[in-house]
Participant: 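This structure is in structure tokens; I'll ask about it shortly.
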2 protein chains.
Amino acid sequence: MTEYDVLLADCPARTTLELISGSWMIVVLVGLAHGPQRYSDLQRRAGGITKKMLTQTLAKAVGSGLVVRPDRRGGAYALSALGDSLLVPLTALTTWAETHADELAEL
Amino acid sequence: MTEYDVLLADCPARTTLELISGSWMIVVLVGLAHGPQRYSDLQRRAGGITKKMLTQTLAKAVGSGLVVRPDRRGGAYALSALGDSLLVPLTALTTWAETHADELAEL
DNA sequence: CAGTATCCTATCGGATACTG
DNA sequence: CAGTATCCGATAGGATACTG
């Protein structure tokens, strides 16, 4: 196997990396970790995010299939099964960030 | 414990997320995974990266302490102990990306 | 409450050309 | 080989005001 390799320029996995590039996607996905939430609850949870970035980030997340809206016609946002599986490595990453934040040198 | 929470606006862990935001930092770090490498080897390895982005990304990586240059006075670039520890969650993420790339919907 | 619409700035990122 | 210097367009992201 090992069909894909993120080091290769034309690898589809690069698309995934671009999806979480920008600081907000990870935060929003982690914000949805403990269950479906409505827009304003999510905005409160993802500290510091503006409506613009929340809307934009959710649009990308829904568009890519990481997030769904159980009752369309607008309701809460929730992680899809795919989004939920992505949460595993993402949580490992945020845990690392929380643990080693103090060890990073200032730029 | 649990001093830091990436969901909080002023959390230092956010700095880490910003560090890997942009598509190239992850690719460069993974590119250094199997050992120290010189500039042009790394450019070849990180498929598609331009000199500009490689230089810029390496500068951020070195500045934050994730990457070091064993023999300063210019030589190869290598992961620091910190960078190496970050590689663990990063590899989990890229593996996810490689495994689930085909399941993501087109935007 | 849940967005949409503007405006504006800073950074990302590619292309290209140049230097020691 | 290992960068630096420019120029350029596209995107990220914040602030603010407006809508149903």
Side-chain angles (χ1 to χ4, degrees), chain A residues 6-11 13-32 36-64 66-78 106-107, chain B residues 6-11 13-32 36-64 66-78 106-107:
Chain A
V6 84
L7 289 178
L8 302 177
D10 55 348
C11 180
R14 287 283 180 90
T15 305
T16 308
L17 293 191
E18 267 157 35
L19 197 59
I20 61 167
S21 96
S23 339
W24 290 118
M25 183 62 76
I26 296 179
V27 173
V28 166
L29 256 24
V30 170
L32 284 171
Q37 276 161 84
R38 282 172 307 126
Y39 189 89
S40 52
D41 292 333
L42 193 50
Q43 186 177 15
R44 214 167 305 112
R45 186 170 297 270
I49 198 170
T50 59
K51 289 182 174 189
K52 183 190 172 187
M53 291 316 295
L54 180 56
T55 299
Q56 198 170 302
T57 303
L58 282 171
K60 279 177 68 177
V62 171
S64 62
L66 294 173
V67 165
V68 291
R69 309 192 70 172
D71 48 339
R72 290 170 341 306
R73 211 51 103 151
Y77 293 86
E106 319 278 328
L107 292 184
Chain B
V6 85
L7 289 177
L8 302 178
D10 55 349
C11 181
R14 287 283 180 86
T15 305
T16 307
L17 293 192
E18 268 157 36
L19 197 59
I20 60 167
S21 96
S23 338
W24 291 118
M25 183 62 76
I26 296 178
V27 173
V28 167
L29 257 23
V30 170
L32 285 171
Q37 275 161 82
R38 280 173 308 126
Y39 189 88
S40 52
D41 293 333
L42 193 50
Q43 185 178 16
R44 214 168 303 112
R45 187 170 297 270
I49 199 170
T50 58
K51 290 182 175 190
K52 182 190 171 185
M53 292 315 295
L54 179 56
T55 300
Q56 197 171 300
T57 303
L58 282 172
K60 279 176 69 178
V62 170
S64 62
L66 293 173
V67 166
V68 290
R69 309 192 71 172
D71 48 340
R72 291 170 339 306
R73 212 52 104 154
Y77 293 85
E106 318 279 328
L107 290 184

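Values below: all heavy atoms of this structure, side chains included; hydrogens, waters and symmetry mates excluded. Sequence lines set the chain letters: A, B, ... in the order given, protein chains first and strands last, and positions in each chain run from 1.
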Participant: Within the structure shown, what part of the strands sits under 4.0 Å from B/R69 by heavy-atom distance: base, sugar-phosphate, or nothing?
Facilitator: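 Sugar-phosphate contact only - B/R69 comes under 4.0 Å of backbone atoms but never of a base.
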Participant: How many angstroms lie between atom CE of A/M25 and atom CG of B/L17, to the nearest 0.5 angstrom?
Facilitator: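 One gets 13.0 Å once the value is rounded to the nearest 0.5 Å.
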Participant: Can you check whether A/K52 has a side-chain N or O nearer than 4.0 Å to OP1 or OP2 of D/dC18?
Facilitator: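 Result: no.
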Participant: Nearest whole angstrom, please: distance from the C1' of D/dG3 to the CG of B/L58.
Facilitator: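 Spelled out: CG on B/L58 to C1' on D/dG3 is 11 Å.
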Participant: Could you tell me whether the phosphate oxygens of C/dG3, OP1 or OP2, come under 4.0 Å of any side-chain nitrogen or oxygen in A/Y77?
Facilitator: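 Yes, A/Y77 has a side-chain N/O under 4.0 Å of OP1/OP2 on C/dG3.
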Participant: Give, for atom CD1 of A/I49 and atom CG of A/L58, the distance between the pair rounded to the nearest 0.5 Å.
Facilitator: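 Rounded to the nearest 0.5 Å, the CD1-CG separation comes out at 7.5 Å.
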Participant: Could you point out which residue of B/Q43, B/R44, B/Q37 forms a side-chain hydrogen bond (donor to acceptor under 3.5 Å, both in side chains) with B/D41?
Facilitator: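 Passing option: B/R44.
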Participant: Check the phosphate of C/dG13 against B/T50, side-chain N and O only, distance under 4.0 Å to OP1 or OP2. Yes or no?
Facilitator: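 So the side-chain polar atoms of B/T50 never come under 4.0 Å of the phosphate oxygens OP1 or OP2 of C/dG13.
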Participant: Using a cut-off of less than 4.0 Å, is there contact between a side-chain N or O of A/R38 and OP1 or OP2 of C/dA2?
Facilitator: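 Indeed, a polar side-chain atom of A/R38 lies that close.
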Participant: Assign B/T55 to base, sugar-phosphate, or nothing according to its heavy-atom contacts below 4.0 angstrom with the strands shown.
Facilitator: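 The answer is base, as B/T55 lies within the cut-off (heavy atoms under 4.0 Å) of a base atom.
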Participant: Taking only side-chain nitrogens and oxygens of B/W24, does any of them come within less than 4.0 Å of OP1 or OP2 of C/dG14?
Facilitator: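 Checking C/dG14 against B/W24, a side-chain N or O does come within under 4.0 Å of OP1 or OP2.
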Participant: Assign A/Q43 to base, sugar-phosphate, or nothing according to its heavy-atom contacts below 4.0 angstrom with the strands shown.
Facilitator: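 Contact class for A/Q43: none.
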Participant: Mind checking B/S21 for me? I need base, sugar-phosphate or nothing, with any heavy atom below 4.0 Å counting as a touch.
Facilitator: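 No contact.
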Participant: For A/G75 and for A/E18, locate the closest nucleotide of DNA chain C by heavy-atom distance; then report the residue assigned to the nucleotide nearer the 5' terminus.
Facilitator: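 With A/G75 and A/E18 compared, the 5'-side residue is A/G75.
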Participant: Return the OG1 to CD1 distance between B/T57 and B/I20, rounded to the nearest 0.5 Å.
Facilitator: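 B/T57 OG1 to B/I20 CD1: 12.5 Å, rounded to 0.5 Å.
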Participant: Looking only at atom types and distance, does a side-chain atom of A/Y77 sit under 3.5 Å from a main-chain N or O of A/V62, one as donor and one as acceptor?
Facilitator: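 Pair absent, no side-chain N/O of A/Y77 close to backbone of A/V62.
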Participant: Once you round it to whole Å, what is the distance between C1' of C/dA15 and CD1 of B/I49?
Facilitator: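 In whole Å, C/dA15 C1' and B/I49 CD1 are 15 Å from each other.
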Participant: Determine: side-chain N/O of B/K60 to OP1/OP2 of C/dC12, distance under 4.0 Å, yes or no.
Facilitator: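 It does, given that an N or O in the side chain of B/K60 lies less than 4.0 Å from OP1 or OP2 of C/dC12.
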Participant: May I ask you to evaluate whether A/Q56 reaches the phosphate of D/dA12, defined as a side-chain N or O under 4.0 Å from OP1 or OP2?
Facilitator: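 For D/dA12, OP1/OP2 do have a side-chain N/O of A/Q56 under 4.0 Å.
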Participant: Could you let me know what C/dG20 is paired to, Watson-Crick or G-U wobble, both distances under 3.5 Å, or none if it's on its own?
Facilitator: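 For C/dG20, the partner nucleotide comes out as D/dC1, under the 3.5 Å rule.
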